[in-house]
Amino acid sequence: HKGEDLHAETGPPLRAVESGTILQSGWHWQGGFGFWLAGRYSGDVYYYAHMSWMVPEVRPGATVEAGDLVGWVGATGNATSPHLHFGWIPGEVGSWPDLGGLRDPYPLLVGLCR
């Protein structure tokens, strides 16, 4: 399990961690509703999963700005409780993330929350 599960009640809003482009979005049996965001400035790729829903603008090729509303916390896919599964691939380049590059996003999240 590479990622951090950020537990919350169902429904709180989720925001884009960085400005960038949506690579993929939709439904997956494991991750439920989710998307992959390619960061404009860092080159990192971020994964949001188990969302209850996404805003309609979160679709492949769309751009978002840091702080934009992207969806809401949920428990879709194989989740057993409401949370955001947040994944991180530092320095990813390309149109589809290389899942072998997934890293623990905890240090990134700690830095963002300071």
Side-chain angles (χ1 to χ4, degrees):
H1 183 269
K2 292 188 178 178
E4 288 294 329
D5 290 337
L6 307 170
H7 293 271
E9 297 296 320
T10 298
L14 297 169
R15 307 277 174 183
V17 69
E18 182 178 351
S19 300
T21 303
I22 304 298
L23 296 176
Q24 296 289 327
S25 65
W27 173 266
H28 185 272
W29 70 272
Q30 286 180 310
F33 289 111
F35 67 92
W36 295 89
L37 169 66
R40 180 180 307 145
Y41 303 107
S42 68
D44 295 353
V45 172
Y46 309 96
Y47 177 52
Y48 290 61
H50 304 303
M51 300 164 64
S52 62
W53 198 245
M54 296 173 287
V55 297
E57 295 80 12
V58 174
R59 62 187 182 285
T63 59
V64 296
E65 298 301 318
D68 281 357
L69 176 68
V70 292
W72 296 268
V73 173
T76 59
N78 67 359
T80 58
S81 64
H83 68 282
L84 170 68
H85 174 89
F86 184 79
W88 177 50
I89 305 175
E92 176 70 23
V93 177
S95 60
W96 181 250
D98 174 8
L99 301 183
L102 280 164
R103 299 290 178 258
D104 180 2
Y106 183 78
L108 170 70
L109 292 170
V110 167
L112 291 172
C113 293
R114 287 187 180 182

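FYI, side chains are in, hydrogens and waters are out, and symmetry mates aren't considered; it's all heavy atoms of this structure.
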**Fill in**
Interatomic distance, CZ@R59 vs CD@Q24, rounded to 0.5 Å, equals 14.0 Å

Hydrophobic cluster identity match, [X] and [Y], side-chain contacts under 4.5 Å:
X: V55; Y: L23; answer: no
X: L108; Y: V64; answer: yes
X: M51; Y: W53; answer: yes
X: W88; Y: L6; answer: yes
X: L109; Y: V45; answer: no

Smallest separation among heavy atoms of [X] and [Y], with atom names:
X: W27; Y: F33; result: CE3-N, 3.5 Å
X: D104; Y: P107; result: O-CD, 3.3 Å
X: T76; Y: G32; result: OG1-CA, 3.3 Å
X: H50; Y: H85; result: CD2-CB, 3.5 Å
X: S25; Y: V58; result: OG-O, 3.3 Å
X: M54; Y: F35; result: SD-CD2, 4.0 Å

**Request:** Show the numbers, then the answer: is there a side-chain contact (heavy atoms from CB on, under 4.5 Å) between I89 and D44?
**Result:** CA-CA 6 Å; I89 305 175; D44 295 353; over 6 Å; no

**Request:** Mind checking side-chain hydrogen bond (donor to acceptor under 3.5 Å, both in side chains) for E65 and listing every partner two or more places apart, or none if nothing turns up?
**Result:**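 E65: side-chain hydrogen bond (donor to acceptor under 3.5 Å, both in side chains) contacts with S19, R40.
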
**Partner residues of Y47 under the side-chain hydrogen bond (donor to acceptor under 3.5 Å, both in side chains) criterion, sequence neighbours left out** = none

**Request:** Decide side-chain contact (heavy atoms from CB on, under 4.5 Å) for L14 and V73; before the verdict, give the C-alpha distance in whole Å, the side-chain angles of both, and the deciding distance to 0.1 Å.
**Result:** CA-CA 7 Å; L14 297 169; V73 173; 3.6 Å; yes

**Request:** Sorted by first residue and then second, give each salt bridge (charged side-chain N to carboxylate O under 4.0 Å, His left out) pair with at least one member in residues 12-21; sequence neighbours left out.
**Result:** none

Student check: side-chain heavy atoms of [X] and [Y] closer than 4.5 Å:
X: H7; Y: S81; answer: yes
X: T10; Y: W72; answer: no
X: L84; Y: D5; answer: no

**Request:** Using distance alone, with no hydrogens and no angle criterion, decide if W29 and N78 have a side-chain donor and acceptor under 3.5 Å apart.
**Result:** no

**Request:** May I have the step-by-step check of ring-ring contact (aromatic ring centres under 6.0 Å, His included) for W36 and Y46, ending in yes or no?
**Result:** CA-CA 6 Å; W36 295 89; Y46 309 96; over 10 Å; no

